[in-house]
**Student:** 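Sharing a structure below in structure tokens format, with a few things to ask.
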Amino acid sequence: MIKKWLINKDFSADNESRRIKQGLKIIRCLSKAEVSLTIPIIAENVKLSVPTVTRLIGELKAQNLVVEEGKITTDSGRKPIVYAIKREQFYSIGVEILLGKIQISIVSIDLQIKYKFQDSEFKLENTEACRNEVCKFIKDAIVSSKLSNENIIGIGIGLTGRVNSSLGKTYNFFEFDDVSFASYVSKELGFPVIVENDTRVVGLYEFVVGKAKNITNALIVNISSGVGMTLIANKRIITGESGFAGEFGHMQFVGNKNRLCICGKRGCLDTEVSGKALEVFLNEAVVRGEKSLLLEHRDSSVHYEEIIDAATNGDVLAITLLQKQGEKLGLALGNIINLLNPEIIIISGKYARIDDFFRNSVKTALYTTGLKDPLRDCDVVNSEFTFDAGSIGAAALVFKKYDLI
């Protein structure tokens, strides 16, 4: 029952409502704690008396939301009991929707994947049929997991393209009949739904479990087919007025070849530093007569991930193309460092698995545009690449919204 109260903002002033709100304080305290806690420590954290917390802990145990996790040794001889949230009672559904893949991770409150489902044959299209296919895939995943709906507190979706998460509205896909995508999925499946841009859910993953955890100011650069950025300032993810902060790929980049971007403008960074751009550069190199092992016995076009793999295996042309992209990325990032003074820049997405030569190219080029003092305090690292980052980050949207992580 208390999980439903997580999303209820309308409490009356009676004793029942006060007890519910106090119970939620304890749930949130325990869900954020990295270790089990004693009642006096819980009471101190939630600003309630020890007798009140003792009574509430008993009620939460009876609801199977809190469990005892043993005792700890103290100098006084008496061993106090420590308590933790019952993790199996709180799940979030994380959905990552990309152009050629949909993945679902059903994640517990400690951000561990319990069930995972993926369809690599999925093709994202702006049609009602595709929207229905997404809903069916999520519904089938929930059924396959055999979880009770009572144990699922919401669905987070990371979708490629522009998204206004506060409205649940997407601007490239699935907006029909004036019904937002989030509202439609929520009505179809019966859960609260949060929709966010795919780059930002990857950034949230880094923020809660990755290399940006416990970092105050960071930039997470997500480079795969395109390039985007998640901004973390003062331990908060910056979304902007309409949710569009971090459109790094559409910065006008001085020194580019004035290529036409998918946004309709010319000169965007995305046309120089992205998987799509990498494929273009390889084709141009072929026209110039340059050689690569990638091109032997090939009649079809080469995908950017194949170029990354070739570079990792020592292909000189692939390495050269990626080094040049790293230099361009570093030139652009130097300006952002001057503006925001981050502690760390994390390269995530498919480019995170490139060997250090790419990151070193970025770091070298930073000194062309970045100022000496902010550069001294900024490190550039690769994300610990995982294919699950997007779906885990999407699931974390729900826990974050309800202040559970």
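Values in this document were obtained by computation on a predicted structure and should not be read as measured data.
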**Student:** Are Lys86 and Phe90 in a cation-pi contact, defined as NZ or CZ under 6.0 Å from the six-membered ring centre and within 45° of the axis?
**Tutor:**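 Verdict for Phe90: no cation-pi partner in Lys86.
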**Student:** Measure the spacing between CG of Leu219 and CG of Leu231 and express it to the nearest 0.5 Å.
**Tutor:**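 Between atom CG of Leu219 and atom CG of Leu231 there are 6.0 Å.
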**Student:** On a heavy-atom basis, which atom in Gly203 and which in Thr230 lie closest, and how many Å separate them?
**Tutor:**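 Scanning both residues completely, I find the closest heavy atoms to be CA-OG1, 3.5 Å.
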**Student:** Using atom types as modelled and distance alone, determine if a side-chain donor or acceptor of Ser145 lies under 3.5 Å from a backbone N or O of Ile142.
**Tutor:**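 Yes.
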**Student:** Measuring only between side-chain heavy atoms, which start at C-beta, is Cys261 closer than 4.5 Å to Arg266?
**Tutor:**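 Counting from C-beta outward, Cys261 and Arg266 never come under 4.5 Å.
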**Student:** Tell me if a side-chain donor or acceptor on Asn217 pairs with a main-chain N or O of Leu340 at a distance below 3.5 Å.
**Tutor:**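 No, Asn217 side chain to Leu340 backbone: no donor-acceptor pair under 3.5 Å.
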**Student:** In terms of side-chain geometry, is the basic nitrogen of Lys265 or Glu247 positioned less than 4.0 Å from the acidic oxygen of its partner?
**Tutor:**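 No salt bridge links Lys265 with Glu247.
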**Student:** Going through the distances and angles, do Lys400 and Ile237 end up as a side-chain contact (heavy atoms from CB on, under 4.5 Å)?
**Tutor:** CA-CA 11 Å; Lys400 194 74 175 171; Ile237 292 180; over 6 Å; no
**Student:** Evaluate the criterion side-chain contact (heavy atoms from CB on, under 4.5 Å) for residue pair Tyr351 and Val227; output intermediate values, then yes/no.
**Tutor:** CA-CA 10 Å; Tyr351 274 50; Val227 58; over 6 Å; no
**Student:** From Ile392 CD1 over to Gln103 CD, what is the distance, rounded to the nearest 0.5 angstrom?
**Tutor:**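 The CD1 atom of Ile392 sits 8.5 Å away from the CD atom of Gln103.
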**Student:** Would Lys324 and Glu284 count as a salt bridge (Lys or Arg N to Asp or Glu O under 4.0 Å) if you check the C-alpha gap in whole Å, the side-chain angles of each, and the deciding distance to 0.1 Å?
**Tutor:** CA-CA 14 Å; Lys324 290 179 179 178; Glu284 291 177 345; over 6 Å; no
**Student:** Output yes when a side-chain donor or acceptor of Thr386 lies under 3.5 Å from a complementary backbone atom of Asp388, and no otherwise.
**Tutor:**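 Yes, Thr386 side chain to Asp388 backbone: donor-acceptor pair under 3.5 Å.
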**Student:** Would you call the rings of Phe174 and Phe181 parallel, tilted or perpendicular, where under 30° means parallel and over 60° means perpendicular?
**Tutor:**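 Correct class here is tilted.
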**Student:** Are the charged groups of Lys123 and Glu133 less than 4.0 angstrom apart, N to O?
**Tutor:**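 Salt bridge: no.
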**Student:** Identify the heavy atoms of Phe358 and Gln325 that sit nearest to each other, and give their distance.
**Tutor:**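 Smallest heavy-atom distance, with atoms named: CE1-C, 4.0 Å.
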**Student:** Can you confirm whether Leu124 sits close enough to Leu159 that some side-chain heavy atom of one is under 4.5 Å from a side-chain heavy atom of the other?
**Tutor:**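 SC-SC contact between Leu124 and Leu159 confirmed.
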**Student:** More than 12 foreign heavy atoms under 6.0 Å from CD of Glu44: is that the case here?
**Tutor:**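 No, CD of Glu44 has 12 or fewer neighbouring heavy atoms, counting only those of other groups under 6.0 Å.
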**Student:** Mind running side-chain contact (heavy atoms from CB on, under 4.5 Å) on Leu317 and Leu321 for me, showing each step along the way?
**Tutor:** CA-CA 6 Å; Leu317 177 58; Leu321 295 176; 4.1 Å; yes
**Student:** Would you say the side-chain atoms of Ser186 pair up with the backbone N or O of Ala182, donor to acceptor, closer than 3.5 Å?
**Tutor:**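 Absent.
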**Student:** Any sub-3.5 Å donor-acceptor pair from Ser383's side-chain atoms to Ile347's backbone N or O?
**Tutor:**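 Flag not set: sc Ser383 to bb Ile347 has no pair under 3.5 Å.
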**Student:** Answer yes or no: is there a side-chain heavy-atom contact under 4.5 Å between Thr364 and Gln323?
**Tutor:**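 Counting from C-beta outward, Thr364 and Gln323 never come under 4.5 Å.
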**Student:** Give, for atom NZ of Lys276 and atom CZ of Phe281, the distance between the pair rounded to the nearest 0.5 Å.
**Tutor:**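 One finds 11.5 Å between NZ of Lys276 and CZ of Phe281.
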**Student:** Please check: side-chain N/O of Asn172 versus main-chain N/O of Arg162, any donor-acceptor pairing under 3.5 Å?
**Tutor:**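 Indeed, once roles are kept as given, a pair shorter than 3.5 Å links the two residues.
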**Student:** Can you tell me if Asn197 uses its side chain to pair, donor with acceptor, with the backbone of Thr199 under 3.5 Å?
**Tutor:**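 At least one qualifying donor-acceptor pair exists.
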**Student:** Could you tell me whether the side chain of Asn149 reaches within less than 4.5 Å of the side chain of Phe191, counting heavy atoms only?
**Tutor:**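 Of all side-chain heavy-atom pairs linking Asn149 with Phe191, at least one is under 4.5 Å.
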**Student:** Is the shortest heavy-atom distance from the side chain of Gln118 to the side chain of Phe387 under 4.5 Å?
**Tutor:**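 A side-chain contact is absent here, since even the closest heavy-atom pair is not under 4.5 Å.
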**Student:** Indicate the atoms forming the closest heavy-atom contact of Glu125 with Cys130, along with that distance.
**Tutor:**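 Where Glu125 meets Cys130 most closely, the heavy atoms are O-CB, 3.3 Å.
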**Student:** Per the side chain to side chain contact (heavy atoms under 4.5 Å, CB included) rule, which among Val362, Leu329, Ile337, Ile220 passes with Ile345?
**Tutor:**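 Output: one option passes, namely Ile337.
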**Student:** Does Arg19 reach the side chain of Arg55, with side-chain heavy atoms less than 4.5 Å apart?
**Tutor:**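 Yes, side chains in contact.
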**Student:** Would you check if the side chain of Asn382 reaches a backbone N or O of Ile354 as a donor-acceptor pair within less than 3.5 Å?
**Tutor:**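 Answer holds: yes.
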**Student:** So, Arg200 side chain and Gly243 main chain: donor-acceptor pair closer than 3.5 Å or not?
**Tutor:**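 Looks like yes, one N/O pair under 3.5 Å.
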**Student:** Could you pull out the closest heavy-atom pair between Cys268 and Cys263, with the gap in Å?
**Tutor:**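 Cys268 and Cys263 have their closest heavy atoms at SG-SG, 3.7 Å.
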**Student:** Look at atom CD of Glu69 and say whether more than 12 heavy atoms of other residues, nucleotides or ligands are closer to it than 6.0 Å.
**Tutor:**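 Enclosed.
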**Student:** Can a salt bridge be assigned to the pair Asp379 and Arg359 using a cut-off of 4.0 Å between side-chain N and carboxylate O?
**Tutor:**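 Between Arg359 and Asp379 there is no salt bridge, as every charged N stays at least 4.0 Å from the carboxylate O atoms.
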**Student:** Please assess Leu48 against Leu56 for the test side-chain contact (heavy atoms from CB on, under 4.5 Å), listing each intermediate value before the final yes or no.
**Tutor:** CA-CA 10 Å; Leu48 294 172; Leu56 291 168; 4.1 Å; yes
**Student:** I'd like to check the side chain to side chain contact (heavy atoms under 4.5 Å, CB included) partners of Ile194; sequence neighbours left out, ordered by chain and number.
**Tutor:**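 Expected list: Leu397, Val398, Lys401.
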**Student:** Rounded to the nearest 0.5 Å, how far does CD1 of Ile57 lie from OG1 of Thr52?
**Tutor:**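 Interatomic distance, Thr52 OG1 to Ile57 CD1, rounded to 0.5 Å: 12.0 Å.
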**Student:** Looking only at heavy atoms, which two atoms of Phe399 and Ser108 are closest? And how far apart?
**Tutor:**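 Minimum heavy-atom contact is CE1-O, 3.5 Å.
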**Student:** Give, for atom CD of Glu68 and atom OG of Ser36, the distance between the pair rounded to the nearest 0.5 Å.
**Tutor:**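 Between atom CD of Glu68 and atom OG of Ser36 there are 11.0 Å.
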**Student:** Could you tell me whether the side chain of Ser180 and the main chain of Lys169 form a donor-acceptor pair under 3.5 Å?
**Tutor:**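 Pair absent, no side-chain N/O of Ser180 close to backbone of Lys169.
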**Student:** Working to the nearest 0.5 Å, report the span between CD1 of Ile223 and NZ of Lys350.
**Tutor:**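 With rounding to 0.5 Å, CD1 (Ile223) is 13.0 Å from NZ (Lys350).
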**Student:** With a 4.5 Å heavy-atom cut-off, do Asn234 and Thr216 have their side chains touching?
**Tutor:**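 Heavy-atom side-chain distance check passes, below 4.5 Å.
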**Student:** Regarding Arg131 and the six-membered ring of Phe176, is the cationic atom NZ or CZ under 6.0 Å from the ring centre and inside 45° of its axis?
**Tutor:**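 Not flagged: Arg131 not positioned over aromatic ring of Phe176.
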**Student:** Show the nearest heavy-atom pair for residues Gly161 and Asp198, with the distance to one decimal.
**Tutor:**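 That closest heavy-atom pairing would be N-OD1, 4.0 Å.
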**Student:** Would you check if Arg353 and Asp309 make a side-chain contact, meaning some heavy-atom pair closer than 4.5 Å?
**Tutor:**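 Sidechains of Asp309 and Arg353: in contact.
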